[in-house]
Each structure stands twice: as C-alpha cells, then as structure tokens.
Trainee: 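Before anything else, here's the structure in question.
Whatever order the structure lists ligands and atoms in, that order sets their numbers, starting from 1.
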Amino acid sequence: MKIVDLIEKNKPFISLEFFPPKDKESWPAFFEVVEKLKVLNPLFASVTYGAGGGTQSNSLEIVKQMKQDMGVEPLAHLTCVGATPENISYFINSLREAGVENILALRGDAPKDVEDFDFNTQVFKQGSDLVTYVNDQHPGMGIGVAGYPEAHLESPSIKEDFKWMKYKVDEGGQFILTQLFFDNRVYFDFCERLSEMGINVPVIPGVLPIMSLKSAKFILSLCGATIPGKYLSALEKAHADGGDEAVYRLGIDYATKQAQGLLDGGAPGVHLYTLNRAKACLEIGQALKF
Ligand code: FAD
C-alpha cells in the first residue's frame, strides 16, 4: 500500500529510519534491532541509499528482507545523482518484484572526490527529475520527497527553496519527510508556509534522539541542521557533569518532549532516526504510548 494512504488511516504514527550496515556480518545484529523495534508498530521503516558509504545493493536486499521476512513496510530511499534511467528502473522493478511500493525520491549529494561538481551535467539534475521519471515510467509507485524546514544548504534563499519544494510536490511527491531539526517552531512554520502555497500533502517530521555528543556533532556537520544554543550548552554541561550516560538521558528526554510536542501540535506522526540502535527509540516510543 502507498505510504500516503497508510498515513491517512493511521494518524498519529511512529516511523523509523535505518541505514544498511556495510558489512554483511553485522546484518543479523541489524535485523535484531529492527525486530526489537517492531513492538512500536512503526507505520514504515525507511532505509537509506548510498549515504555514508552504504551500497545500493545492500539497501535493496535489506528492504526486501524487511518486507518479505519481517512484515515491516519499507520506504526505500533512492538517489538519482550519477544514475541513468535504466539504473533507476532496474531498482524500482526489483522493489516491485519484492512487493515494495514506496520510495523516498532524492537527488543525493555531490560526489566527495569531484571538485566543483555540476549537477547540470547529470541526466537527473534534481530530486524533482526523479519524481517526474518515476511517476511517468512506474505509475502506482508511492513517492515521498525530502523537505528542509531550515532550508537546504545549497539554496540561495528560503523563498527559492520553497519554490522548488512546491515543484517537487506538484510533480508527484505524495508526502514530505523532513530533515532533522530540534526546534519545533521551524517545523510548524514550514508546514504553515507550505499550506499558504497550496501544498497540503502530509509533512512527516524527522527527530534525532541525541545519544552521544560526538555522533550528534558528526551528523549535524553533514546535514546542516542547527542545534539551539541552549540545548547544546545543556548537553555539554551534562557531559562535563555526568559523562556519556548523562548526555544520553538528556538526549532521550529532549527527543521525547520534542516528539510529543509535534504530535500535540498536529503532526501526522514522527519519524525517528534510529542510528540502527533499539534502546533509545524504544524508550521514546513507549513514553509516547506507541
Ligand atoms: P533537491 O530537491 O533536488 O534539492 C536540492 C537543492 O536544489 C535545493 O537547494 C533546492 O532548492 C534546489 N533545487 C531543486 N530543484 C531545483 C531546480 N529545478 N532548479 C534549481 N534549483 C533547484 N542522501 C543520500 O545520499 N541517501 C539517502 O538515503 C538520503 N536520505 C535522506 C533522507 C531525508 C529525510 C533527507 C532530508 C535527506 C536525505 N539525503 C540522503 C540527503 C539528500 O540527498 C541531500 O540533502 C541532497 O543534497 C538533496 O537532495 P533532495 O532530493 O532534497 O534535492
């Protein structure tokens, strides 16, 4: 079933993001984490594609196993930078054969080893090109798109970013999954501005439970989201006073309150970045009564 239809029937919901472990020896432990998190009854589990060095065939195999062996509804991320229409169609046909009906259509980032990479040299130049292609060539596929409540890093202005966000939805994006953020006001503001532009598809907020200072700083450096100064100071103080355990506790409490605030404010659900760990998301999900 398309995720956009599942959303309508199951509000409010929790959903989860995983990344494919590079090394196949760690797959059994990975699937154990997914199994543990099934108690939260996630609406879907998204699996990243090609990010952080993970391979595309691993993403494909993992979503297949989730769907066929674990009864979890996968959302397969798919990037189009460097891709050809044939590669994309091969991936989508493989998903369809496995019964997987939903993708998150993404452009992807410039390759790290190419200086001044120009997306205009690509067959697919933007995420919206992938949306258009999949809609035309693979009708019936569920398509989500990425949204940036604090604007995409490359965007020259917030206004310009909203313009392209609208275009991506008009081309067939059925729901928006957001970049992580820590201040709920940016999410509600984002939704309001989209609604004023006539964009009324579900906007699923992404929430990162901070589990350690080091990993949080690493993730933030990659995605461009900002952390409120007050929260960062509190995390640093927790680390100085009580070490990693105190940071973990603060991170879980903050994410729980943040997720509760999003649901209370009318978000259709919350999407938790699991970092492939069960404990933190279990605590948060159970506190939210999922
Ligand atoms: P686009 O929608 O193409 O937007 C990129 C930039 O181009 C924006 O600044 C936009 O304003 C601008 N733009 C868009 N269309 C046009 C146009 N026609 N003309 C001019 N400018 C335009 N990366 C991975 O590699 N793998 C993953 O699994 C992955 N998962 C993600 C999940 C989520 C929820 C999010 C938010 C991001 C994820 N990313 C992933 C990162 C993503 O690939 C990068 O942020 C990438 O730089 C942008 O992808 P996009 O699809 O949002 O791009």
Trainee: Give the numbers and elements of all ligand 1 atoms closer than 4.0 Å to a heavy atom of Tyr148.
Mentor: 36 (C), 37 (C), 42 (C), 44 (C), 45 (O), 48 (C), 49 (O), 50 (P), 52 (O)
Trainee: Going by the order shown, which atoms of ligand 1 are within less than 4.0 Å of some heavy atom of Thr48?
Mentor: 28 (O)
Trainee: Below a 4.0 angstrom heavy-atom separation, can you tell me which part of Lys125, side chain or backbone, both or neither, approaches ligand 1?
Mentor: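 Lys125 to ligand 1: no contact under 4.0 Å from either part.
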Trainee: Should one rank Glu171, Glu17, Gln126 by closest heavy-atom distance to atom 3 (O) of ligand 1, which comes out on top?
Mentor: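 The residue whose heavy atom sits nearest atom 3 (O) of ligand 1 is Gln126.
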Trainee: Do ligand 1 and Glu160 have nitrogen or oxygen atoms that lie under 3.5 Å from each other?
Mentor: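 For ligand 1, there is no N or O atom that lies under 3.5 Å from one belonging to Glu160.
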Trainee: Relative to the heavy atoms of Asp161, which atoms of ligand 1 are at a distance of less than 4.0 Å?
Mentor: 8 (C), 9 (O), 10 (C), 11 (O)
Trainee: Give the atoms of ligand 1, by number and element, whose distance to some non-hydrogen atom of Thr79 is under 4.0 Å.
Mentor: 24 (C), 25 (O), 26 (N)
Trainee: Does even one non-hydrogen atom of Gly108 get within less than 4.0 Å of ligand 1?
Mentor: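 The answer is yes, since Gly108 has a heavy atom less than 4.0 Å from ligand 1.
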Trainee: Is it the case that ligand 1 has an N or O less than 3.5 angstrom from some N or O of Arg107?
Mentor: yes
Trainee: Which of the atoms of ligand 1 are close to Ala146, meaning less than 4.0 Å from one of its heavy atoms?
Mentor: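 It comes down to these atoms of ligand 1: 35 (C), 36 (C), 52 (O).
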Trainee: Measure the acute angle between the ring planes of Tyr187 and Phe181, then classify it against the limits of 30° and 60° as parallel, tilted or perpendicular.
Mentor: parallel
Trainee: Is Asp109 in polar range of ligand 1, meaning some N or O pair under 3.5 Å apart?
Mentor: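 Right, the criterion is met.
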Trainee: Between Phe190 and Phe188, does the ring centre distance come in under 6.0 Å?
Mentor: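 No; Phe188 has its ring centre 6.0 Å or more from that of Phe190.
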Trainee: Whether Asp170 and Lys166 form a salt bridge (side-chain N of Lys/Arg under 4.0 Å from carboxylate O of Asp/Glu) is what I want to check.
Mentor: yes
Trainee: Closer than 4.0 Å to some heavy atom of Ser155 - which atoms of ligand 1 meet that?
Mentor: 9 (O), 11 (O)
Trainee: State the atoms of ligand 1, each with its element, that fall below the 4.0 Å cut-off from a heavy-atom position in Leu104.
Mentor: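 Ligand 1 atoms under the 4.0 Å threshold to Leu104: 32 (C).
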Trainee: Side chain of Tyr133, backbone of Pro85: donor and acceptor closer than 3.5 Å?
Mentor: yes
Trainee: Could you give all pairs that pass the side chain to side chain donor-acceptor pair (under 3.5 Å) test and reach residues 171-181, with sequence neighbours left out?
Mentor: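 Checked against side chain to side chain donor-acceptor pair (under 3.5 Å) - neighbours excluded - the pairs reaching residues 171-181 are Thr132-Glu171.
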Trainee: Indicate yes or no: at least one non-hydrogen side-chain atom of His271 is less than 4.5 angstrom from one of Val207.
Mentor: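 No, side chains not in contact.
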